[in-house]
Undergrad: 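Handing you this structure, nothing more for now.
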Amino acid sequence: EATAVAARCLSTNNGYIFTRSIETAVAALQSGRCVRLDGDRAKWGAAEAIRLAAAIEQGHCKRLRMLNLHHNNIGSCGAEHLAAAFVAGHCPKLAVLRLNYNYLGSEGADFIAGAIASGACPSLKTLNLAFCGIGNQGAEAIAVALESGFSPKLTEVALTGNPVSGELFLRVGRAKDPQNLAVAAAT
């Protein structure tokens, strides 16, 4: 059933799928045709993020450009598994990663930063980590990852709503060309 739903959605929406069903999301990723997966407010936790990561690690996501897991609860464990899937090189075209409103904490930010610093996300343009409970340690990891230069296309980093010092917001902003990098600061 989930495979049929995913196939129908992907064929009629040019590779875009919006779903709250983890089974449909996994089937979409496994199809190799998914370009944009939107699981906004799907109420997914770490277990579902692990299932998504496992589907990504199967190597069928070479076309995936957007992964939106906004407003879920994947936590640092889910971030760890997703980052490992990215490091394995299975999403080379990923341009937009939206993990905002997931409590990742600094540990989760460390995992995502590690994937960026490894060069696993060379096409990444947008990274949204707003309202993820990322403190200074996590922001420091993001800054170091940006300074590594392995995500040359990254032009937007959102850290709004995290307890991060102004100095670290500025450092993240300076990590890239200040004319091209928009960093959403604390409000």
Side-chain angles (χ1 to χ4, degrees), residues 19-23 25-30 34 36-62 64-151 154 156-164 168 172 175:
T19 185
R20 292 196 170 121
S21 161
I22 191 63
E23 290 80 14
V26 167
L29 290 173
Q30 291 172 335
C34 189
R36 298 180 346 177
L37 176 62
D38 193 336
D40 182 8
R41 299 174 197 269
K43 298 183 182 175
W44 293 339
E48 290 81 9
I50 291 168
R51 288 185 64 189
L52 292 173
I56 290 168
E57 286 179 344
Q58 290 178 357
H60 301 296
C61 298
K62 301 294 186 199
L64 186 65
R65 294 182 190 277
M66 191 232 0
L67 181 58
N68 181 10
L69 299 179
H70 166 75
H71 237 270
N72 283 285
N73 192 26
I74 67 168
S76 65
C77 181
E80 177 181 14
H81 286 270
L82 288 170
F86 301 150
V87 170
H90 297 299
C91 294
K93 293 185 178 180
L94 186 66
V96 177
L97 179 58
R98 293 188 181 123
L99 299 176
N100 47 316
Y101 289 93
N102 280 279
Y103 187 84
L104 305 179
S106 286
E107 185 179 28
D110 286 345
F111 293 125
I112 298 301
I116 292 168
S118 76
C121 304
S123 299
L124 195 63
K125 294 179 181 177
T126 300
L127 176 62
N128 192 334
L129 298 174
F131 298 95
C132 287
I134 296 167
N136 286 335
Q137 177 188 339
E140 172 81 18
I142 296 296
V144 169
L146 294 174
E147 290 164 352
S148 73
F150 284 114
S151 287
L154 191 57
E156 181 181 347
V157 177
L159 295 175
T160 304
N162 290 298
V164 175
L168 277 168
V172 168

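Values below: all heavy atoms of this structure, side chains included; hydrogens, waters and symmetry mates excluded.
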Undergrad: Among pairs that include at least one residue of residues 40-49, which meet salt bridge (Lys or Arg N to Asp or Glu O under 4.0 Å), considering only residues two or more places apart or in two chains?
TA: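 Sorted result for residues 40-49: empty, none.
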
Undergrad: Taking all non-hydrogen atoms of both residues, which atom of T126 and which atom of L124 are closest, and how far apart?
TA: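 Looking at all heavy atoms of both residues, the shortest contact is O-CD1, 3.5 Å.
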
Undergrad: Identify, with sequence neighbours excluded, every residue that meets side chain to side chain donor-acceptor pair (under 3.5 Å) alongside N68.
TA: D38

Undergrad: Give a yes or no answer on whether the side chain of N102 reaches the backbone of C132 with a donor-acceptor pair at less than 3.5 Å.
TA: no

Undergrad: Over all heavy atoms of both residues, which pair between S151 and C121 is shortest? Give the atoms and the distance, please.
TA: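 Of all heavy-atom pairs spanning S151 and C121, the closest is OG-O, 3.2 Å.
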
Undergrad: If every non-hydrogen atom of P163 is compared with every non-hydrogen atom of I134, which pair is closest and at what distance?
TA: CD-O, 3.3 Å

Undergrad: Return the set of residues passing side chain to side chain contact (heavy atoms under 4.5 Å, CB included) with N136 (not counting sequence neighbours), or none when no residue passes.
TA: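 Residues passing side chain to side chain contact (heavy atoms under 4.5 Å, CB included) with N136: V164, S165, L168.
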
Undergrad: Who are the side chain to side chain donor-acceptor pair (under 3.5 Å) partners of N100, not counting sequence neighbours?
TA: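 With sequence neighbours excluded, N100 shows a side chain to side chain donor-acceptor pair (under 3.5 Å) to H70, given in chain and number order.
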
Undergrad: Taking the side chain as every heavy atom from C-beta outward, state whether N73 and W44 have any pair of such atoms under 4.5 Å apart.
TA: no

Undergrad: Which residues pass the side chain to side chain donor-acceptor pair (under 3.5 Å) test with E107, not counting sequence neighbours?
TA: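 Per chain and number, E107 pairs via side chain to side chain donor-acceptor pair (under 3.5 Å) with S76.
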
Undergrad: Going from CG on N72 to CG on L99, what distance comes out if it is rounded to the nearest 0.5 angstrom?
TA: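 N72 atom CG to L99 atom CG measures 9.5 Å (nearest 0.5 Å).
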
Undergrad: Would you call I74 and L104 a side-chain contact if the rule is heavy atoms closer than 4.5 Å?
TA: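 They are in side-chain contact.
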
Undergrad: List the atom of A25, the atom of L52, and the distance in Å for their closest heavy-atom pair.
TA: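 Shortest heavy-atom contact: CB-CD2, 3.8 Å.
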
Undergrad: Let me have the donor-acceptor pairs involving side chains of residues 78-98, under 3.5 Å, with sequence neighbours excluded, atom names and distances please.
TA:
| residue | atom | partner | partner atom | Å |
| --- | --- | --- | --- | --- |
| H90 | NE2 | E57 | O | 3.3 |

Undergrad: Sequence neighbours left out, cut at 3.5 Å: what donor-acceptor pairs do the side chains of residues 109-119 make with other protein atoms?
TA:
| residue | atom | partner | partner atom | Å |
| --- | --- | --- | --- | --- |
| D110 | OD2 | Q137 | NE2 | 2.9 |
| S118 | OG | A115 | O | 2.7 |
| S118 | OG | A120 | N | 3.3 |

Undergrad: Do N128 and T160 have side-chain heavy atoms sitting under 4.5 Å apart?
TA: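 The answer is no; the side chains never approach within 4.5 Å.
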
Undergrad: Are side-chain heavy atoms of L159 and V172 found at a separation under 4.5 Å?
TA: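 When only atoms from C-beta onward are counted, V172 and L159 do touch, with a gap below 4.5 Å.
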
Undergrad: Say you draw a straight line from SG of C34 to CG of L67; how long is it, rounded to the nearest 0.5 Å?
TA: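 If I round to the nearest 0.5 Å, the distance is 8.5 Å.
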
Undergrad: Return the set of residues passing salt bridge (Lys or Arg N to Asp or Glu O under 4.0 Å) with E140 (not counting sequence neighbours), or none when no residue passes.
TA: R171

Undergrad: Name all residues meeting the ring pair (Phe, Tyr, Trp, His ring centres under 6.0 Å) criterion together with H60; count only those two or more places apart in sequence or in a different chain, and write none if there are none.
TA: none

